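Worth saying up front: this structure is predicted, and the values here are computed from it rather than measured. The first residue in the sequence is number 1, and the count goes up from there.
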Amino acid sequence: MASMTPEDLRDEASVAEAAAGKLAPGPDRDWLLAKAEALRHEADRLERRLTTRARLLRPDERDHPDR
């Protein structure tokens with residue numbers, strides 16, 4: 001399976017929400033809405049993780065003002 005970016009996950013969540021909007025209330029609609037929420041949560045988690053990793057890999061200019 002290919003890696004997904006936070007944007008990809010949010011796009012998938014939007015597709016799930018759009019599909020849920022076409023369904024009558026019921027278990028299938030509830031499942032799609034829960035899936036969309038889970039995808040958005042995963043996108044946020046991945047984005048925080050990537051931001052933290054980038055921050056750790058980037059030299060801190062406060063510690064190295066001559067760079």
Side-chain angles (χ1 to χ4, degrees):
M1 182 175 161
S3 295
M4 296 184 80
T5 67
E7 294 80 20
D8 294 336
L9 292 168
R10 288 188 183 99
D11 289 346
E12 289 291 320
S14 294
V15 169
E17 286 175 338
K22 295 179 181 181
L23 295 176
D28 291 338
R29 181 179 180 185
D30 294 343
W31 184 87
L32 281 171
L33 291 173
K35 181 69 173 176
E37 183 178 344
L39 286 166
R40 290 192 192 286
H41 175 74
E42 181 64 17
D44 293 343
R45 188 190 69 77
L46 179 58
E47 192 165 60
R48 283 190 307 271
R49 186 173 165 211
L50 292 172
T51 301
T52 299
R53 182 173 289 168
R55 193 176 309 127
L56 291 172
L57 293 175
R58 183 175 50 229
D60 191 341
E61 294 173 3
R62 292 172 295 187
D63 294 336
H64 307 283
D66 57 333
R67 285 189 183 179

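- With side-chain heavy atoms closer than 4.5 Å counting as contact, directly or through intermediates, the hydrophobic cluster containing Leu23 also holds Trp31, Leu32.
- Rounding to the nearest 0.5 Å places CG of Leu46 at 12.0 Å from CG of Leu39.
- Partners of Asp11 under the side-chain contact (heavy atoms from CB on, under 4.5 Å) rule, at least two apart in sequence or in another chain, do not exist in this structure.
- Asp8 is linked by a salt bridge (Lys or Arg N to Asp or Glu O under 4.0 Å) to nothing, counting only residues two or more places apart in sequence or in another chain.
- Among residues two or more places apart in sequence or in another chain, the salt bridge (Lys or Arg N to Asp or Glu O under 4.0 Å) test is passed with Glu17 by Arg40.
- Atom CG of Leu9 sits about 9.5 Å away from atom CZ of Arg45, to the nearest 0.5 Å.
- Residue Ala16 comes nearest to Ala36 through the heavy atom pair CB-CB, 4.0 Å, listed as atom of the first residue, atom of the second, then distance.
- Legend: residues meeting salt bridge (Lys or Arg N to Asp or Glu O under 4.0 Å) with Arg49, ordered by chain and number and at least two apart, are absent.
- Contact annotation: the side chain of Glu12 approaches that of Met4 to within less than 4.5 Å [non-hydrogen atoms, C-beta and beyond].
- Listed by first and then second residue, the salt bridge (charged side-chain N to carboxylate O under 4.0 Å, His left out) pairs that reach into residues 22-36 come to none, sequence neighbours excluded.
- Shown here are the side-chain hydrogen bond (donor to acceptor under 3.5 Å, both in side chains) partners of Glu37, two or more places apart in sequence or in another chain: there are none.
- At least one side-chain heavy atom of Pro6 sits under 4.5 Å from a side-chain heavy atom of Leu50.
- Between Arg53 atom CZ and Arg48 atom CZ the span is 14.5 Å, to the nearest 0.5 Å.
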